[in-house]
Amino acid sequence: MASEPPPLDPVLLRSFLKVSETRSFTEAARQLGLQQSSVSQHVARLEKRVGRRLLARDTHEVRTTPDGDAILPLARQVLEASTRIERYLKGSTLRGRLRLGVSEDFAFTVLPDILAEFAMQHHAVDLELTVGLSGLLYEKYDAGDLDLIFVKRRKGDDRGEVAWRERLVWVGRPGTLLAEQPVVPLVLYPPPSITRIHAIDTLERAGRAWRITCTSDSLAGLRAATVAGLGVTAHSARLLPPGLVEVEPQEALPTLGSIEFVVVGGQSHQEAARALATSILSDTSRLLAATGRRSSGAP
């Protein structure tokens, strides 16, 4: 009976993934803290092990071959599973109640997976999740009703660690025409929505007249109204819901700029809050990758 081949070495897979993501052996080596020669050897050993060429190299670029593209998602799954196993085996002595507030954007991304891993590792921590508008979550945090919040940064509030910066754009149904309309119709969340404030302030500074045609405290309501053509809304460029597109620049709407997504809390004596804040911030790359594949909203 033929013996099964040994499993693929995660070290080799990690080097392959990093080169695939960066399109550079030099940059991959820098991010992994290795010599470029080591990364090259890892990829060569992996290609020899699987008997396929996974990366095509020339003097101008590095790119994945069709075989390389095919195994990329599988390699990611292997490494993610390895990470989850390590986290579980490390165990945890943390216990108590942790109240987390998350804006609606992230409730529909990979965040549930991150929370599941946290709960598995810290099984003695009772996690309570509140999903809502970023502005309301700030109020609950300041009132002591939440221990940690993952939200958009509030204007004039410099608290929290930045997870990433995101471009805001005007979005509407395909074919939206606004250039000849004297008043911009808006579909918005109610106060104290961060994007609502940002949208109105931007129009006010540009001297554009506006009116609110629909207000809803749910993503489903805002999406339905916008898809129906009742108006446009300000939205994260990365998290566009299905059926909506960025309004063309020629429609003469002022640029919204960018906004920061931050984790507020976790600096106190509460160890569980610090641990979860670290988990969220360290998994930002997974969040960013997931938002390119899933639909979501931006409270």
Please determine whether residues [X] and [Y] belong to a single hydrophobic cluster, defined as Ile, Leu, Val, Met, Phe, Trp and Tyr linked transitively by side-chain heavy-atom distances below 4.5 Å.
X    : Y    : answer
V11  : L13  : no
L219 : I197 : no
V245 : W170 : no

Original post:
Hey, are the side chains of D142 and E139 touching, using non-hydrogen atoms and a 4.5 Å cut-off?
Top reply: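 Sidechains of E139 and D142: no contact.
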Subject >> Test item: L188 and I200 side chains (from C-beta on) under 4.5 Å apart, heavy atoms >> reply: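 Yes. Closest side-chain heavy atoms under 4.5 Å.
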Subject >> side-chain hydrogen bond (donor to acceptor under 3.5 Å, both in side chains) against R165, all qualifying residues, sequence neighbours excluded >> reply: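 R165 satisfies side-chain hydrogen bond (donor to acceptor under 3.5 Å, both in side chains) with E260 once adjacent residues are dropped.
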For the backbone of [Y] and the side chain of [X], can you confirm whether one donor and one acceptor N or O come within less than 3.5 Å of each other?
X    : Y    : answer
S134 : I194 : no
S193 : P190 : no
Y138 : R154 : yes

**OP:** For a side chain to side chain contact (heavy atoms under 4.5 Å, CB included) with V247, tell me which candidate from T233, V232, V169 qualifies.
**Re:**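 Among T233, V232, V169, the one that satisfies the side chain to side chain contact (heavy atoms under 4.5 Å, CB included) with V247 is V232.
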Subject >> Qualifying residue, where the test is side chain to side chain contact (heavy atoms under 4.5 Å, CB included) with R14 and the options are L32, V19, D9, L34 >> reply: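 Output: one option passes, namely L32.
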Original post:
Near Q35 CD, under 6.0 Å, is it more than 12 heavy atoms from other residues, nucleotides or ligands?
Top reply: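 At most 12 heavy atoms, drawn from other residues, nucleotides or ligands, come within 6.0 Å of this atom.
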**OP:** Give a yes-or-no answer on whether the side chains of S24 and T22 include a donor-acceptor pair shorter than 3.5 Å.
**Re:**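 On atom types as modelled, these side chains do not qualify, holding no pair under 3.5 Å.
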Original post:
Listed by chain and number, what are the side-chain contact (heavy atoms from CB on, under 4.5 Å) partners of D67, not counting sequence neighbours?
Top reply: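 R52, L54, T65.
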**OP:** Give the C-alpha distance, both sets of side-chain angles, the deciding distance and a yes or no for side-chain contact (heavy atoms from CB on, under 4.5 Å) between V125 and F118.
**Re:** CA-CA 9 Å; V125 175; F118 179 86; 4.2 Å; yes
Original post:
Name the one of D126, D147, T130 that satisfies side chain to side chain donor-acceptor pair (under 3.5 Å) with R99?
Top reply: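 Of the listed residues D126, D147, T130, the side chain to side chain donor-acceptor pair (under 3.5 Å) partner of R99 is D147.
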